[in-house]
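Keep in mind that this is a model prediction, so the values were computed, not measured. Count residues from 1 along the sequence.
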Amino acid sequence: MPEPLPPALAPLLEPLPVYPTPERRALKIYAVDPMVSRLSGNETVSITVPYEKLDPGPTGNLIRVVDHDASRGVFYAPVDLDDPVLLANDGLSPSEGDPRFHQQMVYAVTSSLLESFEHGLGYRFRWRGRSGGSPLVVLPHAFRGENAFYDPTDHGSVRFGYFRTNPQDPGRNLPGQYVFSCLSPDIIVHETAHAIVDRLRPHYKEASNVDVYAFHEGFADIVALFQHFAMPELLSRYIQSTRTDLTARTPLVELAQQFGESTGRGRALRTALGDEPDPAALTQTIEPHARGSI
């Protein structure tokens, strides 16, 4: 007659519960623009986002990445973030030359931003007015050009452009190198913030006065700046390097440095640090981004 099992092993005779679903997914991203990451030697930052089963793309409940390049007329192979190899390695390592990492980047940053809004709102976020609750479509290589934008038509999409740097004044980039706006966390957050405002307050896009579009641009910039402080590694790095002087010009207070320099501006696209307040500034421009910056 077989000897009975020790009491601690007796439960093994019963069916075991299934493995619990993880709560978080770790993914590598550029915490700042690739140019700044490359020059500082700090390219890889891992963030965690809410875990969900993903189809290739990646495609989840709120985000659907579709990598169609309309300028070249091609679809890039979609990344499968549920592949065991990528799950074990926190996704792909940052790469300016691999479109699959670009797809991972836009998914991770957009997912992190949506979670921030959920914490602030106090409820689960859903896209309004989308047939069957369809996710926001994100196109990391939508077109060739110095731009990125939120398109509210056809249930909404966020579209990122790519371009070559200014050959005469590329800033800290190589002359003629490609710059991908989908690799700038600031640009991803800025454009997705437009989509979120459109979801929460759809009538805010009605241009009833000159400052309607300026409000959208200013709000999206503020959200992008605040997201810097949601990344502990980035925050710690620049607090140490500036000896707690947050007025120093660092990626914490500037937006889209690579995009700004690569287009010949010689500086970040926008910054939280400006000149002394000028009461007459609003009388000198009606351009939405400039008024939003004020």
Colleague: Verify whether one side chain among Gln240 and Ser236 offers a donor that lies under 3.5 Å from an acceptor in the other.
Modeller: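 The answer is yes; a qualifying pair exists.
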Colleague: Within the structure provided, determine whether Pro140 and Met105 are in side-chain contact (heavy-atom separation under 4.5 Å).
Modeller: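 Contact flag for Pro140/Met105 side chains = no.
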Colleague: Any chance you could measure Leu86, atom CG, to Leu92, atom CG, to the nearest 0.5 Å?
Modeller: 5.0 Å
Colleague: Look at the side chain of Asp69 and the backbone N and O of Arg72, then say whether any donor-acceptor pair between them is shorter than 3.5 Å.
Modeller: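 Yes.
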Colleague: Look at the aromatic rings of His190 and His194 and report parallel, tilted or perpendicular, splitting at 30° and 60°.
Modeller: perpendicular
Colleague: Shared ILVMFWY cluster between Phe229 and Val189, side chains joined below 4.5 angstrom?
Modeller: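 Yes; Val189 is reachable from Phe229 via cluster members.
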Colleague: Does either side chain, that of Arg24 or that of Thr48, offer a donor lying less than 3.5 Å from an acceptor on the other one?
Modeller: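 Short answer, yes.
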Colleague: Do you know which of Gln227, Arg270, His228, Gln258 makes side-chain hydrogen bond (donor to acceptor under 3.5 Å, both in side chains) with Asp186?
Modeller: His228
Colleague: Salt bridge between Glu118 and Arg124, side-chain N to carboxylate O under 4.0 Å?
Modeller: yes
Colleague: In plain terms, say whether Arg172 and Asp33 are close enough for a salt bridge, that is, a side-chain N and a carboxylate O under 4.0 Å apart.
Modeller: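 Result for this pair is no, no salt bridge flagged.
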Colleague: Do Leu235 and Ile29 belong together in a cluster built from hydrophobic side chains that touch within less than 4.5 Å?
Modeller: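 As far as the 4.5 Å side-chain criterion goes, Ile29 and Leu235 are connected within one cluster.
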Colleague: Are any of the side-chain heavy atoms of Leu113 and Ile188 separated by less than 4.5 Å?
Modeller: no
Colleague: Could you measure the distance from the SG atom of Cys182 to the OH atom of Tyr162? Nearest 0.5 Å is fine.
Modeller: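 One gets 10.5 Å once the value is rounded to the nearest 0.5 Å.
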Colleague: With hydrophobic residues grouped by side-chain heavy-atom distances under 4.5 Å, do Val138 and Tyr76 end up in a single group?
Modeller: no
Colleague: Does the distance from a Lys or Arg side-chain N to an Asp or Glu carboxylate O, for Arg243 and Asp245, drop under 4.0 Å?
Modeller: no
Colleague: Determine, using the 4.5 Å side-chain heavy-atom cutoff (strictly less than), whether Leu136 and Tyr204 are members of one ILVMFWY cluster.
Modeller: yes
Colleague: Look at Lys28 together with Asp90 and state whether they make a salt bridge at an N to O cut-off of under 4.0 Å.
Modeller: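 No salt bridge links Lys28 with Asp90.
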Colleague: For Gln104 and Asp80, indicate whether the former's side chain and the latter's backbone hold a donor-acceptor pair under 3.5 Å.
Modeller: no
Colleague: Centre of Phe125's six-membered ring, under 6.0 Å away, within 45 degrees of the axis: is that where NZ or CZ of Arg199 sits?
Modeller: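 Yes; both conditions hold, so Arg199 lies above the ring face of Phe125.
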Colleague: Could you tell me if Arg164 sits above the aromatic ring of Tyr178, with its cationic atom closer than 6.0 Å to the ring centre and no more than 45 degrees from the axis?
Modeller: yes
Colleague: Does the side chain of Leu27 come within less than 4.5 Å of Val49's, by heavy atoms?
Modeller: yes
Colleague: Would Leu183 end up clustered with Val158 when hydrophobic side chains under 4.5 Å apart are linked, directly or stepwise?
Modeller: yes
Colleague: Quick one: sort the Phe101 and Tyr30 rings into parallel, tilted or perpendicular, breaks at 30° and 60°.
Modeller: perpendicular
Colleague: Centre-to-centre under 6.0 Å for Phe160 and His141, is that the case here?
Modeller: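 Judged by ring-centre distance (under 6.0 Å), Phe160 and His141 do not meet the cut-off.
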